Each structure stands twice: as structure tokens, then as C-alpha cells.
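Just so it is clear, the model here is predicted, and its values are computed rather than measured.
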Amino acid sequence: MPSKSSARLAALTVAAVCSAASTVVLTSPAHAADVAVHDIQGTTRISPYAGQAVTGVTGIVTGIRTYGSSRGFWIQDPNPDANPATSEGVFVFTSSTPKGVAVGDAVTVSGTVSEYVPGGTSSGNQALTEIVRPTVTVVSSGNPVPAPTVVSARSVPSAYAPAGDPAAGNSINGLPLRPTRYALDYYESLEGMNVQVADARVVGATDPFTELWVTVKPRENANRRGGTVYGSYASQNTGRIQIQSLGATADFPAANVGDTLTGTTAGPLDYNQFGGYTLVANKIGTLRSAGLARETTEKQKRGELAVATYNVENLDPGDATFEEHAAAIVHNLQAPDIVSLEEIQDNNGATNDGTVAADRTVRKLIDAIAAAGGPTYDWRSIDPVDKADGGEPGGNIRQVFLFNPERVSFTDRAGGDATTAVGVTKEKGKAALTVSPGRIEPANAAWANSRKPLAGEFVFRGRTVFVIANHFNSKGGDQGLTSQYQPVARSSEVQRHQQATLVNAFVKDILATQKNADVVTLGDINDFEFSDTAKILESDGALWSAIKSLPKSERYSYVYQGNAQVLDQILVSPSIRTSCDFEYDSVHVNSEFHDQISDHDPQVLRFEP
């Protein structure tokens with residue numbers, strides 16, 4: 001009911017400019033008068049009024065967004081229908097900062113119904129139903145906002161998404177919503193509505209864009225540190241939901257995984273390009289810290305070789321994180337004998353001027369490690385061809401070997417460069433590399449605009465160990481879990497599968513030359529331990545992903561959209577695996593923390609060659 005204290009009437013007309021938007025326009029009558037919000041939302045993901053002018057849409061303003069490219073406000077009909085598949089909320093897109101409306105206003109809106117696809121139709125994202133080019137009349141002010149719908153473990157189904165319609169390219173857009181059966185249908189049935197979560201555990205730390213992830217299903221694939229593990233393509237973890245804020249950035253909590261937003265977090269349910277369904281909070285619960293601590297691995301014994309992989313996230317001499325990375329390597333990783341570094345940039349970082357050398361970058365890290373009390377590492381790498389290995393433009397990222405010369409020696413074999421392929425030969429009855437360090441088939445199309453594997457020959461206590469440092473093609477371009485296409489397409493896999501095939505073949509060349517050779521293949525594989533990429537690397541028994549020696553709940557090196565998952569792996573040859581004399585540790589120092597210095601956790605393998 002209108003508030004007695006409200007005396008103002010206001011009207012505004014705003015032309016909406018849908019920059020960077022994609023819309024779905026359906027053939028429909030030109031105009032529909034006096035429709036309700038639930039009529040506009042309908043029982044599928046696409047409004048039956050898409051592309052049509054509507055008038056007389058009534059509702060209470062539940063939230064106002066005054067920032068970003070999607071400015072406007074949400075309204076919700078306080079008189080819902082009886083159909084749980086139809087949302088009672090909708091976003092009114094005003095383009096510029098909304099004027100003349102406030103939370104609690106009862107309004108009447110006229111405009112055009114639009115289906116906006118965040119990120120564009122090529123992203124595969126679902127569409128967000130909006131009213132654009134609105135004329136808004138404020139009828140009264142100070143009304144109670146419709147009570148939020150409680151999103152909880154009991155309300156969210158365990159099945160994630162229906163299978164898409166093959167006749168529509170596997171799109172789920174045209175399927176009737178079944179909110180009691182599928183999580184994505186449930187969230188879609190609440191699109192634009194005022195929702196709340198209570199006492200929600202954080203499963204994705206606050207990032208620089210002031211968003212975090214919580215779960216309403218605290219027991220769903222939980223790990224001992226408070227996260228939610230992504231252990232298969234069938235376990236998408238339906239309880240995850242993204243939290244953003246309608247308030248000041250400074251007021252957003254700096255949360256780590258395992259913390260809790262106590263009390264109520266409430267606001268309109270949005271859908272955005274980066275994460276899908278998002279609770280845009282006008283009320284955020286109080287942060288209760290779980291006191292999560294960064295992990296420290298064990299120190300290798302005298303007869304153990306410790307090999308690690310660590311993605312240092314575009315490290316260049318201008319960064320302020322060298323001391324922190326050094327402390328992580330010395331103290332948390334206990335100074336491994338060999339460290340494969342990924343994402344080492346050239347000497348001037350993203351400056352795109354033809355520089356490819358990275359000696360300044362590496363030397364600065366080595367000096368910081370020594371200053372932190374660690375060994376004075378030596379290093380080997382190969383500078384890439386300018387702009388040929390992907391990554392940040394101008395950065396020329398590459399893999400680098402650090403090694404402690406007091407514990408291991410590097411076998412240098414001349415001739416390795418950016419374009420020369422390393423091969424396998426036999427020396428004194430044992431396998432040897434033709435060049436060391438060397439790159440695996442650098443001219444092969446599988447490595448186009450991607451990092452080429454770096455192979456090196458090390459000696460520890462008189463035994464040769466072959467180490468292959470990798471940074472496979474990224475997942476960029478894959479459809480998100482909340483995509484309108486189900487099951488989602490993972491187009492980036494094609495190149496990773498080609499890359500894995502080449503690395504597997506190279507390892508098999510080593511093993512064909514020396515059956516009992518110790519081979520360690522490691523790095524940012526950019527894929528899961530259960531993926532086809534991993535299976536190809538492991539094919540014919542050449543390698544085995546040692547992270548699978550851990551319990552499933554401990555298998556993760558990266559947290560993405562609240563899913564703790566494996567991207568970084570250390571794979572070993574049969575001689576190492578069958579000895580059963582190894583220990584594997586995913587050392588959680590970054591992925592779960594809001595103040596991370598990299599988005600990856602390093603991995604450590606200790607074994608006796």
C-alpha cells in the first residue's frame with residue numbers, strides 16, 4: 001500500500017543506450033498495455049514480450065545501481081502470482097544514473113522489454129530480462145520493500161541444469177523453467193527479485209572487483225579449509241552464489257575462504273557476465289573470520305628431491321610482490337631443489353617494444369629469495385620469439401627453472417633456442433636430451449600463441465631427472481557454468497589436447513630410450529585432474545598426475561567462482577609412481593585469500609630418485 005507520508009509524484013523518461021549489449025528480439029505484437037512483472041518474465045528464460053513496448057508495469061523499487069555500464073533500478077511486484085516459475089522482479093535500465101527514484105517507491109513503468117546478454121551473444125551467457133527506454137512515474141514513497149525470498153540449502157535443487165534443446169544448439173532458453181528440479185532454473189525464477197542468504201560461508205575470497213562467493217550448502221563437496229571442491233563435470237556445486245554490493249566499495253568485506261557473512265545478506269538477484277547469478281546486496285552480513293592460515297609444506301629430507309611448480313602471475317621487475325613471492329618460496333615451500341616458474345615476464349613487462357629477455361626479472365626474484373634466507377638459486381630458460389607465446393601483450397611470458405646448485409646440477413647441452421626442437425638420444429645406455437634446456441616442438445601449431453614446454457636435464461645424487469615445465473593454453477573462451485548452452489562447450493580444450501599429445505609423445509620417447517627414467521612433467525596445465533587433457537598426458541601409462549594421491553577434498557590449486565579446482569599439476573613417470581616413495585602437497589598460500597600475490601597455489605613433490 002502507498003505510504004501516507006508520500007506526497008511526491010515524479011516522472012522521468014530516459015533513453016537507454018545499450019552499449020556493449022546484445023539483445024534477443026522476438027517477433028511479437030508491437031505493444032502490450034498494463035502487464036505485470038510476472039507476465040513479462042514468463043515461464044522460460046526469454047520474455048514473451050521481448051522487443052515489445054509495455055505500459056502500466058507496477059512495482060516497488062528494491063535497489064538502485066548508480067555505477068558501471070548497467071545503471072538503473074530493480075522493481076518487484078508486491079502481489080505475486082501463484083506460479084513459482086515466474087519471477088516478480090525486473091531490472092529497469094536507465095543507462096545513466098537514475099534520478100527521482102528511491103528504494104521503497106511505488107512506481108509505474110512504461111518502456112520496451114529487452115533481453116540483454118552480458119558479454120554479448122558469442123559469450124554463451126544467458127539473457128537478462130530488462131525494461132529499457134523507460135518512462136517512470138513515482139506513485140508513492142516509503143513503501144515496505146517486498147520481503148526477500150530466502151535462498152537456502154533446502155530451496156536450491158541438487159541438479160544443476162537441464163540438458164539443452166538439440167534443435168536449438170543445446171540452448172536452454174526455450175525450455176520451461178522447473179525451479180524445483182534444476183538450480184539454474186531456480187535462480188532464473190528469482191531473476192530481479194529481492195533475495196537473501198543467511199550465515200553464508202565464503203567459498204571464493206574477495207577480489208579486487210569487490211565481489212566474493214558464498215555457499216548456501218555448507219556440506220556440498222566441502223574441504224577442511226572451508227571451500228567447495230569442484231571434483232567432476234557433474235558436480236558444479238549448486239549452492240554457490242556471487243555477492244556484489246550496491247554500497248560503497250570501502251564497505252565491502254575483505255573475506256577469505258572459510259569466513260562467514262553472519263546474519264542476513266540481501267538484495268536483488270542479478271545476472272552478469274562474470275559469474276552469472278549474483279546477489280547485488282544492499283545489506284551485507286557481518287564478516288566473521290575463520291582465521292584461515294597460509295600453509296607450509298615439509299622440508300625435503302637429505303635424500304629427497306623436492307620439485308615445485310609455481311605460477312607467479314605475470315611477474316616483471318616493476319611489480320611490488322618479489323619479497324612476498326620470495327618468502328612463499330623460502331618459508332611456505334621450504335626452498336625446493338627445483339622450481340618451475342610460470343608467467344615470468346620479460347624485463348619491462350607489458351611494454352610492447354620487442355624486449356624478450358627476462359634476466360632482470362629472474363635475477364630480482366633470486367636476490368629476494370636469498371635475502372629471505374633461502375639458497376642462491378641458479379636458473380635456466382629460453383627467451384620466446386616476441387609476441388609468439390600469448391599472455392599479456394608485450395609481456396612475453398615463459399617458464400623458468402630455478403634450481404639450488406648446492407643440491408642439484410643442471411646438465412647444459414648447447415643449441416636450445418626459441419625455435420629449435422629438443423629431442424631424445426642415448427648416451428652410455430641411458431636417455432639424454434639433445435639440447436638442455438630445450439623446447440618441445442616449438443614450431444608445431446599446437447603451441448600457436450601459447451607457451452612452449454621447457455625441458456631440462458638435472459642430476460641429483462648421481463641420478464638424472466628430466467623435468468618438463470608447462471603452461472598450457474588457457475580456458476579463455478570457454479562457456480561458463482551458467483551458460484544458456486547445456487552442457488557447456490569448452491572450446492579451449494582442443495588446443496590443450498593437442499599440446500598434451502605432444503608432451504605425452506615426448507615423454508614416451510624418453511621412456512622408450514630408458515624405461516626406468518625419472519620424468520617430472522609439471523606446471524599450469526590449465527585443466528582438471530579428471531579432464532581429457534590429463535588423460536591424454538597420462539595415456540599409455542607414460543605419466544600419472546600425482547595430485548590424485550591426495551584425498552579428493554584436498555585436490556585444488558585455484559579457486560574460480562567459488563569452485564576450488566585443479567589447474568596446476570605435477571605428473572610423474574612410472575619409476576617415480578611405482579616406487580611409492582613420494583609425497584605430494586598442494587600448498588595453499590594464494591587461491592583462498594583476498595590478499596593473494598598470485599591466483600595459483602604452488603605444488604610440491606618430494607621423492608627419492
Cation-pi check, Arg65 onto Phe91 ring (under 6.0 Å, within 45° of axis) | yes
With a 4.5 Å heavy-atom cut-off, do Leu128 and Asp270 have their side chains touching?
-> yes
Flag side-chain contact, heavy atom, 4.5 Å: Thr62 against Ile75 = no
Do side-chain atoms of Asn223 reach the backbone of Val229 as a donor and acceptor pair under 3.5 angstrom?
-> no
Is a side-chain donor-acceptor pair under 3.5 Å present for Asp601 with Ser591?
-> yes
For the residue pair Thr129 and Glu115, confirm or rule out a side-chain donor-acceptor distance under 3.5 Å.
-> yes
Taking atom types as modelled and ignoring hydrogens, do the side chains of Thr238 and Lys217 form a donor-acceptor contact shorter than 3.5 angstrom?
-> yes
Shortest non-hydrogen pair, Ile172 vs Ser483, comes out as CD1-O, 4.0 Å
So, Asn125 side chain and Pro118 main chain: donor-acceptor pair closer than 3.5 Å or not?
-> yes
Is there a side-chain contact between Val151 and Leu190, using heavy atoms and a 4.5 Å cut-off?
-> yes
Pair Tyr182-Gln486, side-chain donor/acceptor within less than 3.5 Å = no
Give a yes or no on whether the backbone of Ala293 and the side-chain of Arg225 come within a donor-acceptor separation of less than 3.5 Å.
-> yes
Nearest 0.5 Å, what's the OG-CD1 distance between Ser557 and Ile547?
-> 6.0 Å
When Ile60, Val107, Thr108 are each screened for side chain to side chain contact (heavy atoms under 4.5 Å, CB included) with Val139, the one that passes is Thr108
Are Gln603 and Ser586 linked by a side-chain donor-acceptor pair shorter than 3.5 Å?
-> yes
Between Glu592 and Arg294, is a salt bridge (charged side-chain N to carboxylate O under 4.0 Å, His left out) present by the stated rule, with each step listed?
-> CA-CA 9 Å; Glu592 301 165 316; Arg294 287 176 162 85; over 6 Å; no
Side chains of Gln569 and Glu529, donor plus acceptor under 3.5 Å | no
Identify the two heavy atoms, one from Tyr49 and one from Val113, that lie closest to each other, and give their separation to 0.1 Å.
-> O-CB, 3.3 Å
Hey, can you tell me if Tyr230 and Tyr233 have their rings parallel, tilted or perpendicular (30° and 60° cut-offs)?
-> perpendicular
Backbone N/O of Ala183 and side chain of Glu188: donor-acceptor pair under 3.5 Å = no
Counting heavy atoms not belonging to Phe274, are there more than 12 under 6.0 Å from its CZ?
-> no
Do Tyr67 and Thr97 have side-chain heavy atoms sitting under 4.5 Å apart?
-> no
Run through Leu292, Val202, Val203, Thr206 and flag the one making a side chain to side chain contact (heavy atoms under 4.5 Å, CB included) with Asp259.
-> Val202
Does any donor atom in the side chain of Ser171 or Gln484 lie under 3.5 Å from an acceptor atom in the other side chain?
-> yes
What is the distance from atom CG of Leu315 to atom CG of Leu341, rounded to the nearest 0.5 Å?
-> 8.5 Å
Between Asn272 and Thr278, do the side chains contain an N or O donor and an N or O acceptor separated by less than 3.5 Å?
-> yes
Would you check if Pro134 and Phe93 make a side-chain contact, meaning some heavy-atom pair closer than 4.5 Å?
-> no
Can a donor-acceptor pair be found between the side chains of Thr86 and Asp81 at a distance below 3.5 Å?
-> yes
Verdict with supporting geometry, Tyr277 and Gln242, side-chain contact (heavy atoms from CB on, under 4.5 Å) | CA-CA 7 Å; Tyr277 295 102; Gln242 186 174 226; over 6 Å; no
Hey, are the side chains of Asn563 and Leu481 touching, using non-hydrogen atoms and a 4.5 Å cut-off?
-> yes
Checking side chain to side chain contact (heavy atoms under 4.5 Å, CB included) against Leu261, which of Val197, Leu212, Asp199 comes through?
-> Leu212
N-O pairing of Asp185 and Arg178 below 4.0 Å = no
Glu313 side, atom CD; Asp524 side, atom CG - distance, nearest 0.5 Å | 10.5 Å
For Ser141 and Asp105, test the side chains for any donor-to-acceptor distance below 3.5 angstrom and give the result as yes or no.
-> yes
Compare all side-chain heavy atoms of Asp568 with those of Tyr310 and state whether any distance is below 4.5 angstrom.
-> no
Would you check if the side chain of Ser87 reaches a backbone N or O of Glu191 as a donor-acceptor pair within less than 3.5 Å?
-> yes
Begin with the C-alpha distance, continue with both residues' side-chain angles, and end with the deciding distance and a verdict on side-chain hydrogen bond (donor to acceptor under 3.5 Å, both in side chains) for Thr309 and Glu342.
-> CA-CA 8 Å; Thr309 176; Glu342 296 87 50; 2.9 Å; yes
Under 3.5 Å, is there a donor-acceptor pair between the side chain of Gln126 and the main chain of Thr482?
-> yes
Do Thr94 and Phe73 touch side chain to side chain, with heavy atoms closer than 4.5 Å?
-> yes
Check step by step if salt bridge (charged side-chain N to carboxylate O under 4.0 Å, His left out) holds for Asp527 and Arg496.
-> CA-CA 8 Å; Asp527 222 334; Arg496 280 196 302 282; 3.0 Å; yes
For His471, the ring pair (Phe, Tyr, Trp, His ring centres under 6.0 Å) test, sequence neighbours excluded, returns none
Could you grab the distance from atom CD of Gln345 to atom CG of Asn314, nearest 0.5 Å is fine?
-> 4.0 Å
Flag, side chain of Glu323 to backbone of Thr321, donor-acceptor distance under 3.5 Å | no
Just by modelled atom types, is the Asn237 backbone N or O under 3.5 Å from a matching donor or acceptor in the Ser235 side chain?
-> no
I would like to know whether Val150 and Ser155 meet side-chain contact (heavy atoms from CB on, under 4.5 Å); could you show each step before the answer?
-> CA-CA 8 Å; Val150 177; Ser155 65; over 6 Å; no
Thr215-Arg201 side chain donor-acceptor pair, cut-off 3.5 Å | no
Are any side-chain N or O atoms of Asn256 and backbone N or O atoms of His594, one a donor and one an acceptor, separated by less than 3.5 Å?
-> yes
Taking atom OG of Ser531 and atom CD of Glu493, what is their separation to the nearest 0.5 Å?
-> 7.0 Å
Report the distance from atom CD of Glu88 to atom OG1 of Thr149, rounding to the nearest 0.5 Å.
-> 9.0 Å
Would you please test Val92 and Trp74 for side-chain contact (heavy atoms from CB on, under 4.5 Å) and show each step?
-> CA-CA 6 Å; Val92 180; Trp74 290 267; over 6 Å; no
Could you go step by step and tell me if Val90 and Glu130 meet the side-chain contact (heavy atoms from CB on, under 4.5 Å) rule?
-> CA-CA 6 Å; Val90 71; Glu130 299 179 337; 5.6 Å; no
Within 6.0 angstrom of Arg288 CZ, more than 12 heavy atoms from elsewhere | no
Between Gln76 and Asn194, is there a donor-acceptor pair closer than 3.5 Å when you use the side chain of the first and the backbone of the second?
-> yes
